[in-house]
Amino acid sequence: MSSEYTLVSHWTVARSREGLWDVLDEWLATDDPMVWWPSVQTESYDGNTLRLRARSVLGYALRFSLDDLERSRPETLRFTSSGDLRGRGVVTFTDTGTGACSMRIDWRVAVDRRWMRLTGWFLRPAFVAGHHLIMRQGERNLARWLEAQPS
């Protein structure tokens, strides 16, 4: 079985996509763009490479970098990833017409952790479920963080 995964998440955010881009630009101007997501910790960020540690609700952690951030405001954010999760991702932002926007996060990766490659034939459903759980948590954390901020 392949060590490649197609991970797609859909988030709804209570900001227009322009408003969300303003927030994104603010975060990317700091040294901790992930301050709103406790399960995903910034290990370092130099304005170009974002090194992260993500703690799975299933008890393991992954380290990876997001590189080559390509911003096309307000439609897309593209990136490559390296480390435990190697691949490419694109986030697409779409206004819903209700003062909110939807985000489609499409991340295609291969796992580079040896134990994950060796057990993927059996644990693949758990890895996918773990990803969906942490992404759902991210959507909720983002909503709470945005609620606490002025629009």
Side-chain angles (χ1 to χ4, degrees), residues 4-113 116 123-151:
E4 296 178 0
Y5 293 78
T6 298
L7 305 168
V8 179
S9 302
H10 297 273
W11 293 9
T12 300
V13 180
R15 293 277 170 107
S16 68
R17 69 182 183 168
E18 285 288 343
L20 186 57
W21 270 93
D22 290 342
V23 171
L24 178 65
D25 285 340
E26 286 177 26
W27 287 337
L28 291 175
T30 70
D31 60 354
D32 187 4
M34 305 305 285
V35 67
W36 54 275
W37 198 347
S39 294
V40 179
Q41 298 168 335
T42 300
E43 292 190 331
S44 68
Y45 178 56
D46 64 8
N48 191 33
T49 298
L50 178 59
R51 295 189 198 301
L52 301 169
R53 181 180 185 271
R55 289 186 326 261
S56 168
V57 296
L58 302 177
Y60 59 89
L62 298 173
R63 284 190 162 87
F64 55 93
S65 295
L66 301 183
D67 307 292
D68 306 319
L69 293 177
E70 179 186 316
R71 295 184 265 181
S72 299
R73 183 185 179 121
E75 293 89 15
T76 57
L77 172 67
R78 296 177 190 282
F79 57 90
T80 60
S81 61
S82 58
D84 292 339
L85 301 172
R86 179 180 31 84
R88 299 187 157 285
V90 62
V91 183
T92 306
F93 302 83
T94 307
D95 268 324
T96 63
T98 61
C101 75
S102 66
M103 294 171 53
R104 181 178 192 274
I105 305 158
D106 184 337
W107 197 12
R108 299 176 188 239
V109 297
V111 293
D112 276 350
R113 297 278 301 267
M116 292 180 84
L123 293 177
R124 184 182 197 87
F127 296 153
V128 171
H131 175 78
H132 289 302
L133 287 170
I134 199 168
M135 294 302 281
R136 188 62 52 215
Q137 181 187 74
E139 181 182 22
R140 285 191 307 267
N141 287 337
L142 178 57
R144 280 193 293 266
W145 193 90
L146 289 172
E147 235 174 59
Q149 306 304 309
S151 299

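Position 1 is the first residue of the sequence; numbering continues from there. All of these numbers come straight from a predicted model, not from anything done at the bench.
- Not a single donor-acceptor pair under 3.5 Å links the side chain of Ser72 to the backbone N or O of Glu75.
- With hydrogens and angles disregarded, no donor-acceptor distance shorter than 3.5 Å links the side chain of Glu4 to the backbone of Arg108.
- You'll find the ring centres of Trp37 and Trp27 outside the 6.0 Å limit.
- Remark: of the listed residues Glu26, Arg15, Arg71, Arg71 is the sole one forming a side chain to side chain contact (heavy atoms under 4.5 Å, CB included) with Trp21.
- Side-chain N or O atoms of Arg86 include none that pairs as donor or acceptor with a backbone N or O of Asp112 at under 3.5 Å.
- When all heavy atoms of Asp95 and Ala100 are compared, the closest pair comes out as OD1-O, 3.5 Å.
- Closest of all the heavy-atom pairs between Arg88 and Trp107 is O-CD1, 3.2 Å.
- Rounding to the nearest 0.5 Å gives a distance of 11.5 Å between CG of Leu66 and CG of Asn48.
- A side chain to side chain contact (heavy atoms under 4.5 Å, CB included) with Met116 is found for exactly one of Asp84, Leu85, Val111, Leu123, namely Val111.
- Side chain of Arg17 to backbone of Arg73: no donor-acceptor contact under 3.5 angstrom is found.
- Other residues, nucleotides and ligands place no more than 12 heavy atoms under 6.0 Å from the CZ atom of Arg51.
- A side-chain donor-acceptor contact under 3.5 Å links Tyr45 to the backbone of Leu28.
- With sequence neighbours excluded, no residue satisfies side chain to side chain donor-acceptor pair (under 3.5 Å) with Arg140.
- For the pair Thr12 and Glu139, the minimum side-chain heavy-atom distance is below 4.5 Å.
- One N or O on the side chain of Ser56 and one on the backbone of Leu58 form a donor-acceptor pair closer than 3.5 Å.
- Panel note: side chain Trp11, backbone Met103; no donor-acceptor pair is recorded below 3.5 Å.
- Here the straight-line distance linking atom CZ of Arg78 with atom CG of Asp68 works out to 12.5 Å at 0.5 Å rounding.
- Across all their heavy atoms, Asp106 and Thr6 have their closest contact at OD1-CG2, 4.4 Å.
- Here the closest non-hydrogen pair linking Ser102 and Thr96 is N-CG2, 3.9 Å.
- When atom types are taken as modelled, the side chain of Thr76 and the backbone of Thr92 share no donor-acceptor pair closer than 3.5 angstrom.
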